Amino acid sequence: MTMKPILRVLAASTAVLALAACGSGSPSGEAEDTGEAGGGELTQVTVGVIPIVDVAPIYLGVQEGFFEEEGLELELQPAQGGAAIVPAVMSGSMDFGFSNISSMLVAKSKGLDVQVVAAGAASTGEDGADFGGILVNPDAGIETAADLAGKKVAVNTLNNINDTTVRASVRKAGGDPSGIEFVELAFPDMQAALERGQVDAIQVVEPFLTGGQNAGSTPIASNYVDTAEDLTVAGYFTTSAKAEDDAETVEKFTAAMNKSLEYAEENPDAVREVLLTYTKIDAETAKALTLPSFTTEINRAGVETLAELSLSDGLISEEPKLDELLP
């Protein structure tokens, strides 16, 4: 299976922040027509993504031609986390972005014009067999999430779904999460920081969850499973202004994204294969890792739980209007 030439990936995650500052890329609300394919012009759109297993469907969608069939040409731009992608989409540097639900709840609470247009990744709902979890050193004396009270825990970005759900795991295990010190680290840097003793635990998603266990780390909790049943962890978003002013492009993106999610859910081997094209994992790790659920449905009950936790944890100051955020 070969990648279509329309997929162009920028290698550095810092490109997103640079784009947010200088406003390059196709402007929000105004798509750029480029070239011809299949006898018609393609509309170029930029999409912010994170180099993790969650975004495999969009890479597969490009590879399988689902976006081209809708008349779209995608430029995928990697970033460290959704918290970096949100401002780039808000500034118009990107047309769409991938982000965890909590980051979008926080953005919405700050008055940002965030509009979810498609699901991204969801928990498998199986404790000990999910695509995200908390790892510790085997000799750290940390047996359950309750033991994280007062400890130092790494997450990829602060004040997002991962520190929120780590707190949920600690509470579920009977511990007090108020004294946890969260440290922001990129997923690829977490295992080394754990081994050096710079942090007591790391919250990671695949492929870093399997990679960490292969390196000898011990899983103590599945934080997404502990938070809500079949939790929707992330999704793709744009601005409501773009959804209104450029409705056709947004509808095409959503249609292609849904095709991509369905294809990924039905073809796990293709997911594992495409991971090798945009992450640094090896084929053996790709075969062993746990895939998310790639459902096209957004679990509103889970989003409501995240909103309640974000409010109680102080990430937001008032209940968000979910009807303005979710499709």
Side-chain angles (χ1 to χ4, degrees), residues 1-19 25 44-68 72-85 88-89 93-100 118-122 131-132 156-157 185-191 204-212 214 233-237 253 256-294:
M1 211 177 277
T2 58
M3 299 297 290
K4 288 182 178 290
I6 61 173
L7 174 59
R8 301 196 299 274
V9 179
L10 303 183
S13 64
T14 52
V16 172
L17 298 179
L19 282 165
Q44 180 178 327
V45 295
T46 57
V47 185
V49 294
I50 309 169
I52 52 179
V53 66
D54 309 38
V55 300
I58 199 169
Y59 282 87
L60 281 175
V62 172
Q63 178 175 284
E64 297 300 316
F66 299 144
F67 290 93
E68 187 176 10
L72 302 179
E73 177 181 353
L74 265 57
E75 180 178 349
L76 303 181
Q77 299 177 349
Q80 179 171 323
I85 294 173
V89 175
S93 299
M94 295 178 181
D95 298 291
F96 301 94
F98 176 90
S99 178
N100 69 83
F131 75 102
N156 68 318
T157 54
L185 289 174
F187 283 128
D189 300 330
M190 288 189 187
Q191 181 62 29
V204 287
V205 296
E206 295 288 21
F208 306 101
L209 181 59
T210 293
N214 289 343
V233 175
Y236 291 86
F237 70 98
F253 177 84
M257 197 64 243
N258 285 339
K259 290 179 186 176
S260 302
L261 289 163
E262 291 170 351
Y263 184 85
E265 185 70 10
E266 295 169 0
N267 297 275
D269 289 342
V271 173
R272 299 179 193 281
E273 184 175 343
V274 81
L275 279 172
L276 306 180
T277 68
Y278 70 92
T279 70
K280 296 180 180 180
I281 67 170
D282 56 72
E284 288 303 311
T285 301
K287 290 178 182 178
L289 57 78
T290 301
L291 300 180
S293 171
F294 292 122

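As the structure is a computational prediction, the values presented were derived from the model and not from experiment. The chain is numbered in sequence order, starting from 1.
For the atom pair Phe98 CZ and Ile52 CD1, the distance stands at 5.0 Å (nearest 0.5 Å). For the atom pair CD1 (Ile58) and CD (Gln63), the distance works out to 13.0 Å, reported to the nearest 0.5 Å. A distance of 10.5 Å separates CD in Glu273 from CG in Asn267, rounded to the nearest 0.5 Å. Once rounded to the nearest 0.5 Å, the distance linking CZ of Phe187 with OG1 of Thr157 reads 7.5 Å. Interatomic distance, CG of Asn156 versus CG of Asp189, reported as 11.5 Å (0.5 Å rounding). Put simply, CZ on Phe131 and CG on Leu289 are 11.5 Å apart, with the number rounded to the nearest 0.5 Å.
Closest approach of Thr279 to Leu275, counting heavy atoms only: OG1-O, 2.7 Å. Nearest heavy atom pair, residue Thr46 against residue Met94, reads OG1-CA, 3.0 Å. Among all heavy-atom pairs drawn from Val274 and Thr277, the shortest one is O-OG1, 2.6 Å. Taking every heavy atom of both residues into account, Ala121 and Pro292 meet most closely at CB-CB, 4.0 Å. Residues Gly212 and Gln191 come closest through the heavy atom pair CA-OE1, 3.3 Å. Heavy atoms only, all atoms of each residue included: Met190 and Val204 are closest at SD-CG1, 3.5 Å.
Using a 4.5 Å cut-off on side-chain heavy atoms (C-beta onward), Val47 and Phe253 make contact. You'll find the side chain of Ser260 stays beyond 4.5 Å of the side chain of Glu64, heavy atoms only. Using a 4.5 Å cut-off on side-chain heavy atoms (C-beta onward), Ile281 and Leu276 make contact. By the 4.5 Å heavy-atom criterion applied to side chains, Leu261 and Glu265 are not counted as neighbours. Within the 4.5 Å cutoff, the side chain of Val49 has heavy atoms near those of the Tyr59 side chain. Side chains of Val205 and Val53 form no contact here, defined as non-hydrogen atoms less than 4.5 Å apart.
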task: Could you please spell out the steps behind the side chain to side chain contact (heavy atoms under 4.5 Å, CB included) verdict for Asp54 and Asn100?
output: CA-CA 10 Å; Asp54 309 38; Asn100 69 83; over 6 Å; no

task: Give the intermediate values and the outcome of side chain to side chain contact (heavy atoms under 4.5 Å, CB included) for residues Leu291 and Arg272.
output: CA-CA 9 Å; Leu291 300 180; Arg272 299 179 193 281; 3.9 Å; yes

Intermediate values then yes/no, side chain to side chain contact (heavy atoms under 4.5 Å, CB included), Phe67 and Val45: CA-CA 10 Å; Phe67 290 93; Val45 295; over 6 Å; no

- request: Might you work through the side chain to side chain contact (heavy atoms under 4.5 Å, CB included) test for Ile85 and Phe237, ending with a clear yes or no?
  value: CA-CA 10 Å; Ile85 294 173; Phe237 70 98; 4.0 Å; yes

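Looking at residues two or more places apart in sequence or on another chain, you find no ring-ring contact (aromatic ring centres under 6.0 Å, His included) involving Phe294. Partners of Asn214 by side-chain contact (heavy atoms from CB on, under 4.5 Å), not counting sequence neighbours, listed by chain and number: Thr210, Thr285. Residues satisfying the salt bridge (Lys or Arg N to Asp or Glu O under 4.0 Å) test with Glu284, not counting sequence neighbours, are Lys287.
Between Phe66 and Tyr263, the ring planes lie perpendicular to each other; the angle is over 60°, past the 30° to 60° tilted range.
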